[in-house]
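In what follows, a structure is listed as structure tokens, so that the remarks can point back to it.
We count residues from 1, following the sequence as given. If you're wondering where the values come from, they're calculated on a predicted model, not measured in any experiment. Whatever order the structure lists ligands and atoms in, that order sets their numbers, starting from 1.
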Amino acid sequence: MKLYNTLTKRKEEFVPIEPGKVSIYVCGPTVYNLIHIGNARPMIVFDTARRYMEYKGYEVNYVSNFTDVDDKIINKAIEEGVSADVISTRYIAECKKDMADMNVRPATTHPLATQEIPGMIDMITNLIEQGYAYDVNGTVYFRTRKFKEYGKLSHKNLDDLRSGFRDLKVTGEDQKEDPLDFVLWKPKKDGEPYWDAPWSKGRPGWHIECSVMAKHYLGDTIDIHAGGEDLVFPHHENEIAQSECSNGVPFAHYWLHNAFLNIDNRKMSKSLGNFFTVRDIKEKYDLMVLRFFMLSAHYRSPLNFSAEIMESSKNALERMVNSVDRLNDLIKAAEAKQNGTVAADASLCTEEEQAKLEEMKQYRAKFEEAMDDDINTADAIAAVFELIKFANTEVTEARTGSFAALVRKEILTLCDILGLIVERKAEVLDEEIEQLIAERQAARKAKNFARADEIRDQLQAQGIILEDTREGVKWKRA
Ligand code: AMP
Ligand code: ZN
């Protein structure tokens, strides 16, 4: 398969370090708020890349961090009068719920920056020993100019950067040897979380966190490093500088970056205030619609969010769901007729059906061709729609149940690679909901909070949202 590599600015054939295995590191969110749908874009597209690689038989070690120490987290903690870890723990849990709703699989490991401080101290110590870093009054800086390859990812020239940085120079940074130098460790301010280190009681810079977490869980050289395109410079450039100077080997072979999710053609971001959280979208749509919307464009193309595109995504996804629904009905009818289960077995199909199954193979071939071409999910979805059309016209009452079952299996296989769930959820009846709510109340009374939470989560998975009000528990369908 080919991947576009930001480092070489070319599509390259993917060759893993170890045959059959892939190591991926994806920069995760800073957890101080509910994630917005811009943050959801890298989650969905790289989860899809992972699923496709697994489908191709690779064993994928997928690591994605949570940045749980940061100015924004600290500010939020001060605002609420709680400690920083109360904030990060809360929003990690919320983020995981959103991921589950978007059918983004948990990473093999989700490291937390705060749990990796010893590794960061080791890497910084090593960089100082080699002359790549220096300590001024407890702040440690990376000596950017000493790394001759600095700028190779963002294709920036050091001298251009230097003149840009001069203008940007802010007070408090005059202790740096060079405006290009960046922070590896900074001393604590009052009320901030801190760790003991040889240079000061303080905390790590953001860039060193990812270098260390990638090294810890994936090794010195990894196959793929990914994230949003805003991270190319300076975050990923700095990660390369730290890791390559410290480890003495290339950091990542392939660098993948998703384009922005925009709104009114501007980047959706928390600082601009023009964002929707994943939770906002969930109020109105099943999050499969959001996933479909994200995958309907190539990950390197900017994607503009609008109510109209969400509506058309909803309708398009519904066409897939309806097609599978119809196949389910046909399979059920065939089962009733033959009084037993239908097997998805080509040898039980008629000769004509077998010829049709041969014809059906072209859609999977197109799907794979698209995905092999730098994960072109837009074209892969188009291939699924061709398959849907085939299903809608070729599978009729006159066909065997096995034929219907094989076509259905094909649709589900391809949709599963995209992480799209296209089987309609069974409708939960009002009395079932009421019964579960009563059971949850009883569990709470008996202080069995685990069971109470389990029921809430089960209902949530079925699209039922509970609200605890003064008048008792109220529920609504999402
Ligand atoms: P942050 O929490 O800002 O560090 O972002 C977490 C991830 O979301 C990073 O990979 C960002 O590049 C990505 N990201 C943030 N905003 C957007 C956006 N509007 N479109 C696409 N990706 C984004
Ligand atoms: Zn990172």
In terms of residue, atom name and distance, what is the protein heavy atom nearest to [atom]?
atom                    : answer
atom 2 (O) of ligand 1  : Thr30 N, 3.1 Å
atom 20 (N) of ligand 1 : Leu261 N, 2.7 Å
atom 19 (N) of ligand 1 : Met268 O, 2.8 Å
atom 15 (C) of ligand 1 : Asn39 ND2, 3.4 Å
atom 9 (C) of ligand 1  : Leu231 CD1, 3.7 Å
atom 22 (N) of ligand 1 : Gly38 O, 3.1 Å

Could you tell me whether [X] and [Y] make a salt bridge, using a distance below 4.0 angstrom between a side-chain N and a carboxylate O?
X      : Y      : answer
Arg145 : Asp159 : yes
Glu177 : Lys146 : no
Arg279 : Glu283 : no
Lys11  : Asp373 : yes
Asp286 : Arg291 : no
Asp47  : Arg51  : yes
Lys97  : Glu94  : yes

Q | Test item, Ala259 contacting ligand 1 (heavy atom, 4.0 angstrom) | A | yes
Q. Quick one: does His36 get within less than 4.0 Å of ligand 1, heavy atoms only?
A. yes
Q) Relative to the Zn ion (ligand 2), which of the N, O or S atoms in Glu239 is the closest? A) OE2
Q | Ile35 contact mode with ligand 1 (heavy-atom cut-off under 4.0 Å) | A | neither
Q. So which bit of Asp230 gets within less than 4.0 Å of ligand 1, heavy atoms only: side chain, backbone, both or neither?
A. side chain
Interfacing atoms of ligand 1 (cut-off 4.0 Å, heavy-atom, [X]):
X      : result
Asn258 : 21 (C), 22 (N)
Lys267 : 16 (N), 19 (N)
Gly228 : 10 (O), 12 (O)

Q. Is there a donor-acceptor contact under 3.5 Å linking the side chains of Asn75 and Glu79?
A. no
**Q.** Member of Lys366, Lys56, Lys2 meeting the salt bridge (Lys or Arg N to Asp or Glu O under 4.0 Å) criterion with Asp372
**A.** Lys56
Q. Got a sec: is Cys210 within less than 2.8 Å of the Zn ion (ligand 2) via an N/O/S atom?
A. yes
**Q.** Metal check, the Zn ion (ligand 2) vs His235 N/O/S, cut-off below 2.8 Å
**A.** yes
Q: Carefully, step by step, assess Phe46 and Tyr62 under the rule ring pair (Phe, Tyr, Trp, His ring centres under 6.0 Å).
A: CA-CA 10 Å; Phe46 298 122; Tyr62 190 97; 8.1 Å; no
Q. Evaluating non-hydrogen atoms only, which member of Gly28, Pro42, Pro302 is closest to atom 13 (C) of ligand 1?
A. Pro42
Q. Does the cation-pi check pass for Lys284 over Phe276, that is, NZ or CZ under 6.0 Å from the six-membered ring centre and within 45° of its axis?
A. no
